[in-house]
S.K.: 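Got a structure here, written out as structure tokens. Questions coming.
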Amino acid sequence: MSKKVRVRFAPSPTGGLHLGGVRTVLYNYLFAKKHGGDFIVRVEDTDQSRYVPGAEEYIFDCLRWCGLEPDESVQHGGSFGPYRQSERKPIYRTYAEKLIEQGDAYYAFDTPGELESMRENYKTEQNPSPQYDHTLRLKMRNSLTLSKEEVDSLLTDGTPHVIRINMPGTGTIAFNDMIRGEVSFDMSTVDDKVLLKADGMPTYHLAVVVDDHLMQISHAFRGEEWLPSAPVHVRLWEKLFGRDAMPQWAHLPLILGPSGKLSKRDGAKYGFPVFAMNWTDPKTGETVEGFRERGFLPEAFINLLAMLGWNDGTEKEIFYMEELIEAFSMERVHSAGAKFDYEKAKWFNHAWIQRVPVEGLAMRVEKSLGGLEGLGSLEKIVGLVKDRCHLLTDFAEQTSYFFEYPKTVDVAAIQPKWNEAKTDFFRTLMQRYETLAEWTAIELETSFKSLADEKAIKPGELMLPLRIMLVGGKFGPGVFDIADILGKEETIRRIEVLTAQLTNN
RNA sequence: GGCCCGUUCGUCUAAGGGCUAGGACACCACCCUUUCACGGUGGUGAUACGGGUUCGAAUCCCGUACGGGCUACCA
């Protein structure tokens with residue numbers, strides 16, 4: 001039975017989209033495209049208490065920036081909608097009640113307070129967090145312990161209740177994970193998860209199974225943090241739609257921060273972003289930085305995420321999206337969690353800055369530089385300095401002296417060795433440059449060196465002063481290339497300014 | 001505590017019974033560069049531990065340790 005490949009990413013719109021989330025999207029996307037399938041984004045907004053305005057839109061913006069456009073979603077349409085679970089609310093109850101009829105679920109009327117006291121009462125040293133499971137459910141208020149009449153009257157009275165899965169107290173449940181192979185659980189250790197909440201909304205457990213079925217999902221990929229609840233989902237599949245219809249699971253390894261699971265705090269704490277794009281919490285107004293704003297190219301971001309836990313078996317590390325699609329396979333995903341290495345991330349970005357066509361790069365740099373005048377030569381400038389930029393934001397610093405007189409001038413680097421002969425040299429140089437036939441890097445250098453020769457000064461003595469005059473510091477590409485771009489007027493002006501200053505001192 | 005997953009250089013990983021355990025990032029050295037980078041060459045550096053199975057184990061099995069995840073009417 002080879003049904004069409006259909007995969008989904010199912011975020012809940014509660015905040016920023018972090019590294020692990022994007023990588024889950026990426027692996028879904030790559031798998032779908034590789035097999036000519038569909039990539040669906042389904043919004044899991046069943047917890048209205050955690051709903052954050054703007055988060056849904058933000059997630060789609062992130063996907064767009066990454067170049068991971070869904071085939072079906074709230075924004076893209078499709079014939080399996082609605083793609084927002086809150087809009088599918090009536091669907092879920094039917095399935096929950098079907099389970100009750102089959103004896104695979106039951107109504108539970110316990111109040112939050114009662115649940116709390118249960119956890120308190122049955123807490124022991126050995127078992128610090130007692131579960132609502134086969135050992136305790138007969139001590140609670142539910143349709144297994146109450147008479148049918150009581151249950152009926154509670155229901156007709158509209159008493160708040162939930163529906164819980166009835167997990168067997170014995171037996172094992174196992175399934176085959178595409179990354180981990182067979183994973184099995186003792187069913188007695190799995191608790192009776194709530195399927196339908198008191199407000200009528202499904203929990204993740206019910207919703208994911210029902211929607212994966214209704215949307216004909218063939219492969220379900222999600223983070224490893226879901227592995228412990230997989231037996232619940234497998235059980236639901238068995239009881240609702242049959243085990244044969246169940247998608248193939250793959251639980252992706254976690255991306256870890258310097259200490260454990262990646263949290264948004266890690267960014268601030270360890271100095272690297274965790275979100276794809278800047279995320280501003282609408283309540284607190286607090287903004288958490290994103291990779292985009294930090295100066296990452298989406299190509300690099302995708303590339304580095306792909307390599308975090310996967311490789312194609314060769315030593316190739318730089319991949320275009322098309323190459324990733326071609327090479328990707330879930331079986332080659334590493335099963336262990338990966339610690340995120342920001343230094344390596346920067347290396348990827350540097351590599352991509354060198355790879356991306358310079359026209360496009362210049363445009364993106366222009367955006368991040370903002371409001372610069374007369375940028376006819378920006379492409380030339382960007383091409384000249386891109387070697388030394390790891391982040392798009394590095395360009396600001398690396399190119400600033402092309403647009404304005406250097407903010408700081410490291411006079412101290414040349415002051416001690418300054419003398420009359422140098423003053424003389426630069427005064428003459430200005431005259432030579434004034435009448436130079438062609439203002440090109442080669443001409444500038446030739447003229448410079450022959451003058452040095454005439455004055456019997458080693459060029460090495462003069463190169464640094466010239467650089468300091470033009471750039472302000474000991475950095476940047478070749479001085480004559482810089483002078484070439486700076487143009488005659490500005491070059492001579494900068495030589496003049498510093499020569500005068502050094503002479504007067 | 002219980003359950004589940006995992007464990008190869010500091011980090012990401014390759015090697016799915018058989019060459020001196022390979023590569024990348026980072027680090028160090030040298031070269032290139034009349035600046036700073038880029039780049040090039042080389043170097044330091046790992047199979048968590050203990051038992052098995054086998055002629056032979058990073059690889060298969062068991063145990064221990066360590067790490068991570070889950071343990072909500074959150075996803």
Side-chain angles (χ1 to χ4, degrees), chain A residues 10-14 44-47 49-50 108 110-112 115-116 119 123-133 160-164 177 179-180 183-186 188-191 193-205 207-208 222-231 251 253-254 256 258-261 304 307-318 331-332 334-348 350 354 385-390 394 398 410 413 449 452 458-464 466-468 471 473-479:
Chain A
S12 54
T14 55
E44 310 231 333
D45 57 347
T46 54
D47 184 0
S49 69
R50 292 210 311 157
D110 317 276
T111 64
L115 290 173
E116 204 180 310
R119 289 190 187 106
K123 189 160 82 178
T124 62
E125 193 110 316
Q126 274 71 38
N127 184 10
S129 45
Q131 308 227 293
Y132 203 122
D133 62 11
H161 63 275
V162 301
I163 296 178
R164 286 181 180 272
D177 186 280
I179 296 171
R180 284 153 224 283
V183 182
S184 81
F185 298 81
D186 191 336
S188 68
T189 64
V190 182
D191 63 330
K193 293 276 185 233
V194 170
L195 300 177
L196 204 72
K197 300 183 265 192
D199 64 1
M201 280 288 191
T203 59
Y204 173 84
H205 308 296
V208 73
R222 56 176 14 169
E224 191 186 349
E225 71 268 28
W226 289 109
L227 205 42
S229 51
H251 289 89
L254 263 16
L256 308 168
S259 55
K261 197 181 179 182
L304 71 92
M307 302 309 288
L308 210 51
W310 172 87
N311 69 85
D312 73 344
T314 73
E315 280 166 8
K316 186 177 162 84
E317 288 194 281
I318 302 295
E331 285 74 17
R332 284 202 66 88
H334 205 71
S335 54
K339 219 171 262 170
F340 180 69
D341 182 356
Y342 184 57
E343 291 305 317
K344 182 101 189 205
K346 283 198 295 191
W347 175 82
F348 272 108
H350 178 264
Q354 314 317 313
V385 305
K386 66 176 186 174
D387 273 3
R388 54 207 81 207
C389 295
H390 281 73
D394 290 342
Q398 289 294 337
D410 187 5
K449 287 195 168 155
K458 276 184 277 182
E461 297 280 304
L462 302 161
M463 295 285 278
L464 187 61
L466 180 61
R467 171 172 297 280
I468 299 294
V471 177
K474 289 195 253 184
F475 65 96
V479 257

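All values derive from a computational prediction rather than experimental measurement. In the text below, chain A, chain B and the rest are named by the order of the sequence lines, each starting its count at 1.
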S.K.: Tell whether A:Lys344 reaches the base of B:A24 with its side chain through a donor-acceptor pair below 3.5 angstrom.
M.R.: yes
S.K.: Tell which nucleotide pairs with B:A57, taking only Watson-Crick or G-U wobble pairs whose two distances are both under 3.5 angstrom.
M.R.: none
S.K.: Indicate the atoms forming the closest heavy-atom contact of A:Glu317 with A:Phe348, along with that distance.
M.R.: O-CE2, 3.4 Å
S.K.: How many whole angstroms separate atom CD of A:Glu44 from atom P of B:C73?
M.R.: 18 Å
S.K.: For A:Tyr132, does the six-membered ring have the charged nitrogen or CZ of A:Arg164 within the cation-pi criterion, i.e. under 6.0 angstrom from the centroid and within 45° of the normal?
M.R.: yes
S.K.: What nucleic acid atoms does A:Pro231 come within less than 4.0 Å of, heavy atoms only: base, sugar-phosphate, or nothing?
M.R.: nothing
S.K.: Searching all strands shown, indicate the nucleotide that pairs with B:U7 (Watson-Crick or G-U wobble; both distances under 3.5 Å).
M.R.: B:A65
S.K.: Can you tell me the distance, in whole Å, between the NZ atom of A:Lys339 and the P atom of B:G10?
M.R.: 11 Å
S.K.: Round to a whole Å and report the spacing from CZ of A:Arg180 to P of B:C70.
M.R.: 13 Å
S.K.: Let me know the distance between NE2 of A:His251 and P of B:C5, rounded to the nearest Å.
M.R.: 11 Å
S.K.: Measure NE2/A:His334 against P/B:U47 and give the value in whole Å, please.
M.R.: 16 Å
S.K.: Between B:U13 and B:A26, how far apart are the two C1' atoms, rounded to whole Å?
M.R.: 15 Å
S.K.: Could A:Lys339 and A:Asp341 be called an ion pair, given the rule that one side-chain N must be under 4.0 Å from one carboxylate O?
M.R.: no
S.K.: Rounded to the nearest Å, what distance is computed from the CG atom of residue A:Asp341 to the P atom of nucleotide B:C27?
M.R.: 11 Å
S.K.: I want to confirm an ordering. Mapping A:Phe340 and A:Gly313 to their closest nucleotides on RNA chain B, which one lands closer to the 5' end?
M.R.: A:Phe340
